[in-house]
Amino acid sequence: MRITPDDLVIFEWGVFRLNATILFTWVVMVLLVGVARIMTAGLSDAETPSRWQNFLEVLVAGMRDQIRDVSQQDPGRFLPFIGTLFLFIAVSNSLSVLPGFQAPTGSLSTASALAICVLVAVPLYGIVAHGPIGYLRTYLQPTWVMLPFNVIGELSRTIALAVRLYGNVMSGAVLGAILIGIVPIFVPTLMQLLGLLTGLIQAYIFAVLAMVYIAAASGARGGNDGPAAGTQASDNQP
Amino acid sequence: MDNVGVIGAVSIVTAGLTLAIGSLGPAFGEARAAAQALAAIAQQPDEANTITRTLFVSLAMIESTAIYCFVLSMILIFANPIWNRVIAAAPT
């Protein structure tokens with residue numbers, strides 16, 4: 001039994017090996033970009049927008065609201081990154097009900113890649129908000145004794161983020177495969193239905209956790225230290 | 001029993017124990033979290049949105065320990081590195 005789609009090599013040419021993870025990642029990417037391209041082709045500000053435009057507006061507005069609720073900041077800066085994470089994970093988890101489709105998020109490589117994106121994004125947003133010195137000072141936050149623990153915390157939550165996503169998606173696939181062996185047809189279908197729900201919740205949780213981490217690095221904190229004072233004013237921009 | 005048999009038996013027993021113990025703790029933790037959240041929603045229905053979101057995030061955090069145990073037991077059963085090494089080193 002496979003516990004990762006990395007092992008399923010579809011096409012091999014010299015040192016270049018195309019495994020199922022890469023293939024289905026590109027399928028999801030092409031799908032997302034293509035559908036978004038087609039949907040946004042006829043954008044208008046008419047009284048009654050087309051139904052596709054309506055759908056996109058609901059999606060984007062919903063994500064903006066969630067980001068604003070979680071971060072208590074203007075969502076504009078975070079929307080591209082967090083929204084992309086959410087859409088990619090949600091689409092690849094939902095498509096896993098299609099026969100033959102292996103969710104790329106069910107591979108530890110993809111999950112780690114996404115978590116490393118978050119690991120890199122946290123300092124970037126923090127530096128944009130507080131400047132390099134101000135961001136580095138947050139590692140010494142309560143006292144300088146906490147420096148190693150802050151660094152370990154940063155790394156361990158990245159690993160947790162990756163393994164959580166991988167474990168949840170992989171457990172759905174493995175459970176389905178095992179149940180097909182014991183009780184065919186009916187029970188695996190129910191588990192796949194449950195897997196749809198879990199997949200969407202996992203996408204939501206991944207995005208919210210990424211947002212929480214970024215907001216903790218870039219948000220206004222305390223109010224009595226130097227770096228936070230400058231951002232408090234800029235956070236209130238519309 | 002030869003080496004391969006011992007490793008197989010120990011891996012299977014350990015995988016079962018890992019899942020059993022590893023799902024017990026998060027189950028209690030999630031039950032407590034959900035019960036508290038339900039009580040909070042019953043007291044303040046207006047805050048249901050915030051409470052539900054926080055509940056989801058904290059459930060995911062609690063659940064991750066169970067997921068670690070699951071991943072570990074899957075590795076023990078299906079992708080055991082020690083098993084593979086012993087098989088590769090076997091003189092057959």
Undergrad: Could you pull out all donor-acceptor pairs under 3.5 Å where a side-chain atom in residues 169-177 of chain A meets a protein atom, sequence neighbours excluded?
TA:
residue	atom	partner	partner atom	Å
A/S171	OG	A/G167	O	3.2
A/S171	OG	A/N168	O	2.8

Undergrad: Does A/R64 form a side chain to side chain contact (heavy atoms under 4.5 Å, CB included) with A/L79? I'd like the steps, not just the answer.
TA: CA-CA 7 Å; A/R64 286 181 68 96; A/L79 182 66; 3.9 Å; yes
Undergrad: Any heavy-atom pair between the side chains of A/Q202 and A/R164 that's under 4.5 Å?
TA: yes
Undergrad: So, does A/T110 use its side chain to make a donor-acceptor pair with the main chain of A/P104 at under 3.5 Å?
TA: yes
Undergrad: Sort by residue number and list every member of residues 145-163 of chain A having a non-hydrogen atom under 4.5 Å from chain B.
TA: A/A160, A/V163
Undergrad: Hey, which residues of residues 16-48 of chain B are touching chain A, say heavy atoms under 4.5 Å apart?
TA: none
Undergrad: Crowded around B/I82 CD1? As in, over 12 foreign heavy atoms under 6.0 Å?
TA: no
Undergrad: Before you tell me yes or no, could you show the steps for A/Y166 and A/S109 under side chain to side chain contact (heavy atoms under 4.5 Å, CB included), namely the whole-Å CA-CA distance, both residues' side-chain angles and the distance that decides it to 0.1 Å?
TA: CA-CA 9 Å; A/Y166 164 66; A/S109 333; over 6 Å; no
Undergrad: Among A/L200, A/L165, A/I205, find the one that has a side-chain contact (heavy atoms from CB on, under 4.5 Å) with A/I89.
TA: A/L165
Undergrad: Could you walk me through whether A/L194 and A/T198 pass side chain to side chain contact (heavy atoms under 4.5 Å, CB included), step by step?
TA: CA-CA 6 Å; A/L194 188 67; A/T198 327; 4.2 Å; yes
Undergrad: Quick one: are A/S218 and A/Y135 in side-chain contact, heavy atoms under 4.5 Å?
TA: no
Undergrad: Measuring heavy-atom distances to chain B, does A/L108 have an atom under 4.5 Å in its side chain, in its backbone, in both, or in neither?
TA: neither
Undergrad: Considering only heavy atoms from C-beta outward, does the side chain of A/T25 approach that of A/F88 to under 4.5 Å?
TA: yes
Undergrad: Above 12 or not: heavy atoms from other molecules or residues under 6.0 Å from CG of A/D65?
TA: yes
Undergrad: For a ring pair (Phe, Tyr, Trp, His ring centres under 6.0 Å) check, start with the C-alpha distance between A/F206 and A/F86, then their side-chain angles and the critical distance, and finish with the verdict.
TA: CA-CA 7 Å; A/F206 195 98; A/F86 174 74; over 10 Å; no
Undergrad: Only heavy atoms, only distances under 4.5 angstrom. Which residues in residues 50-62 of chain B are near chain A?
TA: B/R53, B/F56, B/V57, B/A60, B/M61
Undergrad: Looking at A/A215 and A/Q73, what are the two nearest heavy atoms and their distance?
TA: O-NE2, 4.0 Å
